[in-house]
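To start, the structure under review is shown below, and the notes come after it.
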Amino acid sequence: MRPISGNIVILTGAGISKESGLSTFRDDDGIWATVRIEDVATPEAFQRDPEGVHEFYNARRQRLVGGGVLPNAAHQALARLERNWPEDVLVVTQNIDDLHERGGSENVLHMHGELLKVRCMACGEVEVWPDDLALDLVCKRCHVAGRLRPHVVWFGEMPFFMDAIERALSECTLFLSIGTSGNVYPAAGFVAGIERVGRAHTAELNMEPSQGASLFAEARYGSATEIVPAYVDELLSGRL
């Protein structure tokens with residue numbers, strides 16, 4: 001394989017944040033093992049039980065801002081790659097936490113939204129929101145009460161930034177998938193699209209093979225805090 005150059009796109013999932021103390025979704029002890037998707041992560045759930053949905057996301061928000069959850073060596077390694085790589089490095093994350101940003105990454109697209117933001121369903125305003133949400137709260141822009149929701153993508157909704165993501169994928173020469181299960185589309189289909197075009201090298205860095213593992217040209221398995229910094233070291237030293 002020739003030394004890698006050009007733009008890099010990195011897809012990250014819950015596995016990169018697990019070692020920071022955040023639960024994954026699809027592990028045996030993950031979030032979806034303890035709560036039903038239909039109860040907390042769909043537009044219908046919010047219509048049916050907005051208080052219950054707010055309670056679920058308030059608990060996750062409190063966990064994220066409580067001081068015990070910090071970016072780990074994998075987040076920091078990707079930030080180091082962005083700072084030192086001569087071309088563009090884009091992190092496309094399925095995660096709604098802010099650990100990439102706190103770890104130093106600046107070029108990040110949250111395709112599934114951000115836990116520390118809210119959106120008004122009346123006027124579309126999006127604002128930073130580190131506190132609890134409740135039905136009686138008022139939008140600061142349109143002053144309508146009861147219309148604020150978590151700024152996250154629920155099942156059945158379209159992910160954010162898809163045009164920009166597809167453009168970046170079409171222009172990259174390296175695609176990395178880190179800490180993803182390969183279960184959730186459209187992100188799970190990114191590698192197949194790249195493989196069809198055949199322009200980019202693809203690598204999966206994961207605890208174990210994802211559902212789409214066979215589509216990647218390269219794979220490395222182990223904890224994110226070990227294999228991601230090592231891979232970044234090889235990239236920056238020209239050994240890949």
Worksheet item: Transitively linked via ILVMFWY side-chain contacts under 4.5 Å: Phe190 with Leu176?
Response: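 Unlinked, Phe190 and Leu176 end up in two clusters.
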Worksheet item: Would Val191 and Val92 show up in the same hydrophobic cluster when neighbours are defined by side-chain heavy atoms closer than 4.5 Å?
Response: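 Yes, same cluster.
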Item to complete: Check step by step if side-chain contact (heavy atoms from CB on, under 4.5 Å) holds for Leu174 and Leu235.
Response: CA-CA 10 Å; Leu174 173 63; Leu235 280 171; 3.8 Å; yes
Item to complete: Taking atom CD of Glu234 as the centre, report whether more than 12 heavy atoms of other residues, nucleotides or ligands fall under 6.0 Å from it.
Response: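 Enclosed: over 12 neighbouring heavy atoms sit under 6.0 Å from CD of Glu234.
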Item to complete: Would you indicate whether the side-chain heavy atoms of His201 and Glu218 approach each other to under 4.5 Å?
Response: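 Yes, side chains in contact.
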Worksheet entry | Within-4.5 Å side-chain heavy-atom neighbours: His112 and Val184 |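 His112 reaches Val184 side chain to side chain.
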Practice prompt. Please lay out, stage by stage, how Asp98 and Lys117 fare under the test salt bridge (Lys or Arg N to Asp or Glu O under 4.0 Å).
Written response: CA-CA 10 Å; Asp98 64 342; Lys117 291 182 178 179; over 6 Å; no
Practice prompt. Verify side-chain contact (heavy atoms from CB on, under 4.5 Å) between Ile16 and Leu78, making sure each step is shown before the conclusion.
Written response: CA-CA 11 Å; Ile16 198 172; Leu78 296 184; 3.8 Å; yes
Main-chain N/O of [Y] paired with [X] side-chain donor or acceptor, under 3.5 Å:
X	Y	result
Thr173	Ser5	yes
Asn7	Glu87	no
Ser20	Leu70	yes

Fill in: Worked check of side-chain contact (heavy atoms from CB on, under 4.5 Å) between Arg83 and Arg80
CA-CA 5 Å; Arg83 289 194 303 270; Arg80 178 162 54 89; 3.6 Å; yes
Worksheet item: Does the side chain of Glu204 come under 3.5 Å of the side chain of Ser210 through a donor N or O and an acceptor N or O?
Response: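 The answer is yes; a qualifying pair exists.
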All N/O donor-acceptor pairs, side-chain side in residues 142-162, below 3.5 Å, sequence neighbours left out:
residue: Arg149; atom: NH1; partner: Glu157; partner atom: OE2; Å: 2.8
residue: Arg149; atom: NH2; partner: Val152; partner atom: O; Å: 2.6
residue: Arg149; atom: NH2; partner: Glu157; partner atom: OE1; Å: 3.2
residue: His151; atom: ND1; partner: Arg119; partner atom: NH1; Å: 2.7
residue: Trp154; atom: NE1; partner: Tyr57; partner atom: OH; Å: 3.0
residue: Glu157; atom: OE1; partner: Trp154; partner atom: N; Å: 2.8

Discussion item. Let me confirm one number: the CZ-CD1 distance from Arg60 to Ile96, rounded to the nearest 0.5 Å.
Written reply: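 Answer for the CZ-CD1 pair, Arg60 versus Ile96, is 4.0 Å.
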Worksheet entry | Gap between atom CG of Leu90 and atom CG of Leu169 - 0.5 Å precision |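 One gets 8.0 Å once the value is rounded to the nearest 0.5 Å.
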Item to complete: Mind running side-chain contact (heavy atoms from CB on, under 4.5 Å) on Val65 and Leu116 for me, showing each step along the way?
Response: CA-CA 9 Å; Val65 302; Leu116 300 184; 3.6 Å; yes
